[in-house]
2 protein chains.
Amino acid sequence: MSPKNIDKLNCSIASALDIIGEGWTILILREAFFGSRRFEDFQKHLGIARNILTVRLNKLCDSGVLVRVPIKVGAKRNEYRLTPMGSDLAVILIGLTQWGDRWLNPTQGAPVTFIERATGKAVADIAIFTRDGKKLKPRELAVKPGPGATAETIARLKLIPDVRRKKKKN
Amino acid sequence: MSPKNIDKLNCSIASALDIIGEGWTILILREAFFGSRRFEDFQKHLGIARNILTVRLNKLCDSGVLVRVPIKVGAKRNEYRLTPMGSDLAVILIGLTQWGDRWLNPTQGAPVTFIERATGKAVADIAIFTRDGKKLKPRELAVKPGPGATAETIARLKLIPDVRRKKKKN
DNA sequence: ATTTATTGGTTGCATTTTGCAACTGTTGCA
DNA sequence: TGCAACAGTTGCAAAATGCAACCAATAAAT
């Protein structure tokens, strides 16, 4: 991944990936969701190299996805906990899990299920809805430049209409 | 990322990441959602190295996320299109976009908006629901071993209860 | 029909990132 | 006080990525 490009892409996906797109990072977050808090927890469960884990945890803390909390007041050791910003990634984690379950793991059941804590019941498949509650299929989706779009982005999204390359202008 | 570990993690997130977790892959998919189909489209828009693009496109085709379709019957050149498996990643793409918009881009508006094609109206924020339609906050979520869980996974998920490390058994 | 430009790659080499294993200082606990 | 587990750091080897040049096939222009 080339950081120098990423800034220029004018896209929240790119900025998001700049934080959580590196190798291992999402798995680290998965462990955090699953209850890991301490360096050794992450290391043992993932088998990740310790130096890489250090770098990843630092980055996640710096960017506000995790917080480093001293284990006791004044202690030098600390644990890593999800911030609200980190917990807000649950959608992504669950989305990835469900996608993997659907397309990669169809035979043996899901290894892990996300449930509502209070009732123990599995959550629904994550889906895309309109603001008034209609579920959308992928085909019904489109993309348009938002308020923060650059000229380049706007030009790029012109590609979208289904029929292209019929003629070339300029 | 270490492939040799990934198999052993007994987790659909890991298998999903094995396919879409490498550098650039999600951005390539983003471009596909935005309308890119041909090698040069992806290359120009992302500024990705051409050899890496080749490798990524091959992998995405091999794993069924994209299909290679000849431009004309019998042509050797082809375009890359999202399969249903690929389109099903819309949730992830939109989720990442919205997360980036919320936490990384709050001042200037979203560069890109996902809309319902028919009406042009922006889609709702992706959220987690119970099967009977109640929206869940991250705090209300938990995780439990699914039907395909290994013994190791089951042991791992024991960590979850909020208070830990009170005592150590065994 | 021939030339030219564009497209869709491949190849080789430099740079960067990651993995691995050993080492160091710190803490918790008996 | 001593020992084991914890939380990293360091140095080097291996793998992934970036870059630029090159090549063959196709499409467009003359």
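Sequence lines set the chain letters: A, B, ... in the order given, protein chains first and strands last, and positions in each chain run from 1. Because the structure is a prediction, the values reported are computed rather than measured.
The closest donor-acceptor contact from the side chain of B/Thr25 to the backbone of B/Gly21 lies at 3.5 Å or more, if one exists at all.
As rounded to whole Å, 8 Å separates atom P of C/dG9 from atom CG of B/Leu53. Atom-to-atom, CD1 of B/Ile28 to P of D/dT17 comes out at 11 Å; the value is rounded to the nearest Å. With rounding to whole Å, A/Glu40 atom CD is found 12 Å from C/dT27 atom C1'. One interatomic measurement links the two molecules: CG of A/Leu46 to C1' of C/dC20, which rounds to 16 Å at whole-angstrom precision. With rounding to whole Å, B/Asp41 atom CG is found 12 Å from C/dT6 atom C1'. Rounded to a whole Å, the CD1 atom of B/Ile52 is 13 Å from the C1' atom of C/dG9. One interatomic measurement links the two molecules: CD1 of B/Ile48 to C1' of C/dG9, which rounds to 13 Å at whole-angstrom precision. Atom CD of A/Gln43 is separated from atom P of D/dA5 by 14 Å (rounded to the nearest Å).
Aromatic ring orientation, A/Phe34 versus A/Phe114: tilted (interplanar angle from 30° to 60°).
Of the side-chain N and O atoms in B/Arg56, one or more sit less than 4.0 angstrom from OP1 or OP2 of D/dT17. Within the 4.0 Å cut-off from OP1 or OP2 of D/dG18, at least one side-chain nitrogen or oxygen of B/Trp24 is found. Of the side-chain N and O atoms in B/Thr54, none sit less than 4.0 angstrom from OP1 or OP2 of C/dG8. Under 4.0 angstrom from either OP1 or OP2 of C/dG9 there lies at least one side-chain N or O belonging to B/Asn78.
Of the candidates D/dT9, C/dT10, D/dT17, the closest approach to any side-chain atom of A/Arg50 belongs to D/dT9. Taking the side chain of B/Arg77 as heavy atoms from C-beta on, and the options C/dT6, C/dG19, C/dT10, the nearest nucleotide is C/dT6. Of the candidates D/dC6, C/dT10, D/dT9, D/dC6 carries the atom nearest the A/Lys44 side chain, counting heavy atoms from C-beta on. Closest to the A/Phe39 side chain, of the nucleotides D/dC19, C/dG8, D/dA7, is D/dA7. Taking only side-chain atoms of A/Arg38, from C-beta outward, the nucleotide of D/dC6, D/dT17, D/dT9 with the closest atom is D/dC6.
Note on B/Tyr80: only backbone sugar-phosphate atoms sit closer than 4.0 angstrom, heavy atoms only; bases stay farther off.
Within the 4.5 Å cutoff, side-chain heavy atoms of B/Leu46 are placed close to those of B/Trp24. A/Glu79 is not listed as a side-chain neighbour of A/Arg68, based on a closest heavy-atom distance of 4.5 Å or more.
Screening A/Ile52, A/Ile28, A/Val65 for a side chain to side chain contact (heavy atoms under 4.5 Å, CB included) involving A/Leu57 leaves a single residue, A/Ile28.
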